[in-house]
Amino acid sequence: RSQHYFIQSNLRMDDIEAATQTDDDLTLPRSAVNKMIKELLPHVRVANNSRELILNCCTEFILLLSSQSNEICEKRQKKTILPEHVMEALQELGFGEYIEEVKDVLSTFKTHLSSRNRGNKKLDTKGLSEEELIKQQQALFAEARQQQYDYELAQHNAAVEAAAAQSIAFIRSQTSVNQNSGDDDDYD
């Protein structure tokens, strides 16, 4: 059955074998495949060798589909594989009955993606106009500048007070030294 799809997709078996020999390390995560099996068949036990076979079949299917999609993309002189290329590849490979389901999944994905992107825009989530947001931003900047000024002023005042305290202490020490030395002069 898989040879039928390879022939139908105009790929030579030599190309497929060469691709799979170099891509042996390209597989789906076992945990993801096991999770899908458990979700789809919750009451069925699946042997380990059957899980491995399912994993290999999934990997081969993805390689085949992506290869066919890439060929279609190159025929159209595009550099990016688009969903249309994948759907056309499904049709060419004999999986046309899945195209409607693929379209539904694509539509759901686009809806989810657009709602997620809308949720990330702060302009939409706050319900404020751009002008109002700019005013808020300017007010926040002014508040931050004032806080920075107050902090620097407090630091400056603390430094001035410390310097004044040191000067007063020095003057007092010099005054007491002079008074002590002056007292000695009185006794001579």
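Since the structure is predicted, the reported quantities are computational estimates derived from the model, not experimental observations. Heavy atoms only: backbone and side chains are in, while hydrogens, waters and symmetry mates are out.
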Val33, Val46: one ILVMFWY side-chain cluster at the under-4.5 Å cut-off?
yes
Working to the nearest 0.5 angstrom, can you tell me the gap between Gln138 CD and Glu143 CD?
14.0 Å
Look up atom CD in Gln137 and atom CD in Glu130, then write down how far apart they are to the nearest 0.5 Å.
10.0 Å
If the condition is ring-ring contact (aromatic ring centres under 6.0 Å, His included), which residues does Phe61 pass it with, not counting sequence neighbours?
Phe95
Rounded at 0.5 Å granularity, tell me how far OG in Ser69 sits from CG in Leu90.
7.0 Å
Decide yes or no for Lys110 and Ser114: does some side-chain heavy atom of the first lie under 4.5 Å from some side-chain heavy atom of the second?
no
Linking I/L/V/M/F/W/Y whenever any side-chain heavy atoms sit under 4.5 Å apart, do Leu106 and Ile99 land together?
yes
Taking the side chain from Thr175 and the backbone from Ile171, do they hold a donor-acceptor pair closer than 3.5 Å?
yes
Strictly below 4.0 Å, N to O, side chains only: are Glu88 and Lys75 in salt-bridge contact?
no
Arg51 side chain near Ile37 side chain, heavy-atom distance below 4.5 Å:
yes
Working to the nearest 0.5 angstrom, can you tell me the gap between Asn48 CG and Asn34 CG?
8.0 Å
Looking only at the side chains, is there a donor atom on one of Tyr151 and Gln147 sitting less than 3.5 Å from an acceptor on the other?
no
Using a 6.0 Å cut-off, check whether atom CD of Gln174 has over 12 heavy atoms from anything other than its own residue.
yes
Closest non-hydrogen atoms of Leu28 and Cys58, given as atom of the first, atom of the second and distance, are CD1-CB, 3.5 Å
Just checking Glu97: does its CD atom have more than 12 heavy atoms from other residues, nucleotides or ligands closer to it than 6.0 angstrom?
yes
Decide side chain to side chain contact (heavy atoms under 4.5 Å, CB included) for Ile72 and Glu92; before the verdict, give the C-alpha distance in whole Å, the side-chain angles of both, and the deciding distance to 0.1 Å.
CA-CA 10 Å; Ile72 293 167; Glu92 289 181 8; 3.9 Å; yes
To the closest 0.5 Å, what do you measure between SG (Cys73) and CD (Glu84)?
10.5 Å
Lys103/Glu100 salt bridge by N-O under 4.0 Å criterion
yes
Indicate the atoms forming the closest heavy-atom contact of Ala89 with Leu65, along with that distance.
CB-CD1, 3.8 Å
Go through the side-chain N and O atoms of Gln146 and Asp150 and say whether any donor and acceptor fall under 3.5 Å apart.
yes
If hydrophobic clusters are built by linking Ile, Leu, Val, Met, Phe, Trp and Tyr wherever their side-chain heavy atoms come under 4.5 Å apart, do Ile81 and Tyr98 end up in the same one?
yes
If hydrophobic clusters are built by linking Ile, Leu, Val, Met, Phe, Trp and Tyr wherever their side-chain heavy atoms come under 4.5 Å apart, do Ile62 and Ile54 end up in the same one?
yes
Stepwise side chain to side chain contact (heavy atoms under 4.5 Å, CB included) check, Lys78 with His85
CA-CA 10 Å; Lys78 301 288 183 183; His85 301 143; 4.1 Å; yes
Below 4.0 angstrom, N of the basic side chain to O of the carboxylate: do Glu52 and Arg30 qualify?
yes
Rounded distance [0.5 Å steps], CG in Leu63 versus OG1 in Thr27
10.0 Å
Can a donor-acceptor pair be found between the side chains of Gln136 and Glu132 at a distance below 3.5 Å?
no
Does Ser173 reach the main-chain N or O of Phe170 with its side chain, forming a donor-acceptor pair under 3.5 Å?
yes
